[in-house]
Amino acid sequence: MAAEPILEVRSLKKHFQVGGGKTLKAVDDLNFAINRGETFGLVGESGCGKSTAGRTIIRLYEPTDGQILFDGKNITHLKGAELKQFNRSMQMVFQDPYASLNPRMTVGNIIAEGIDIHGLSSGAKRKERVLQLLRDVGLNDEHAGRFPHEFSGGQRQRIGIARALAIEPEFIIADEPISALDVSVQAQVVNLFKKLQKERGLTYLFIAHDLAMVKHISDRIGVMYLGKLIEVTSSDKLYANPLHPYTVSLLSAIPIPDPEIERRRERIILQGEVPNPLNPPSGCPFRTRCPKAMPECAKVMPEYMEVEPDHYVACHLYY
Ligand code: SF4
């Protein structure tokens, strides 16, 4: 059976007007689709626009241009009751489990917020729903009456996940959900995401700043640089045969567990910093750091094209 997209993003732009009449093109012409039940990893360095993309897709930000289709429905400019209805289908888990939970509310009430907003249940049924959610994310019934400061970072992220699940969404945008956690806890939270996906048939957009973090969870991966997608393909293809020089350099930074291979491995150290997004380079946005840059890279922006089945790249090396 052909894979069925639950989310399609077409030429999506989110620009911000900043001081001095300048425009920050935080998200610039994104095109990708996410199939039902899969995990799409969206990766890039800090400031590349990946979080803005997530927030625009869930409609925390109004898109500047382009289209967002969810389940075939155009949700790009939904407002009022229609937007509220859509919010039941898509929820967000935030990066910082310390800042995203209201410190004055009990965990039970934090988790029940969405249930109350959407009037999904009340009284004993509401309570049972909250307790079941706590159990589903690996916490206990007695945690419902406690406050966020009584929990570790990993536990707080479990509470954030339970809150997102409370209204039974089909789609979750997880914005760097493991970046603020200890390395030892990161794998546990990734495993929880995987378990919940299997049990509930969820679809994820999983945002991270390095490819190592999305490796074990993503079916497909998109790599962003300066507001643009520069490579999108299946996880298997990306790790086995990365095409864009930026992806190649990101992958070369991931340590390999086999000491023999690790010793022989070539690391590519990128020169310089990510350019100022208010003043991006001409032509290819990566050209100021690209080890393979050619004269034409400064003149012409490479098109984002399918260079082999289900493998999209924006680089002059491939056409
Ligand atoms: Fe490098 Fe040119 Fe490809 Fe950009 S278009 S990634 S500068 S080779």
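We number each residue from 1, following the sequence as shown. Counting starts at 1 for both ligands and their atoms, in listed order. Heavy atoms only: backbone and side chains are in, while hydrogens, waters and symmetry mates are out.
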Give the contacting part of C290 toward ligand 1: side chain, backbone, both or neither, where contact means a heavy-atom distance below 4.0 Å.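 The side chain, only.
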Numbered atoms of ligand 1 (with element) below 4.0 Å of [X], judged on heavy atoms:
| X | value |
| --- | --- |
| H244 | 6 (S) |
| C297 | 2 (Fe), 5 (S), 7 (S), 8 (S) |
| P245 | 6 (S) |

Can you check whether F32's main-chain N or O pairs, donor with acceptor, with E8's side chain at less than 3.5 Å?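 Here the side-chain-to-backbone pair does not exist.
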Would you say the side-chain atoms of Q157 pair up with the backbone N or O of F94, donor to acceptor, closer than 3.5 Å? yes
In the protein, which heavy atom is nearest to [atom], and how far is it?
| atom | value |
| --- | --- |
| atom 5 (S) of ligand 1 | H316 N, 3.3 Å |
| atom 4 (Fe) of ligand 1 | C284 SG, 2.3 Å |
| atom 3 (Fe) of ligand 1 | C315 SG, 2.3 Å |

For the residue pair K195 and F193, would you count it as a cation-pi contact if the rule is NZ or CZ under 6.0 angstrom from the ring centre and within 45 degrees of the ring axis? no
For residues [X] and [Y], is any side-chain donor paired with an opposing acceptor at under 3.5 Å?
| X | Y | result |
| --- | --- | --- |
| Q17 | T23 | yes |
| S282 | R287 | yes |
| H77 | E62 | yes |

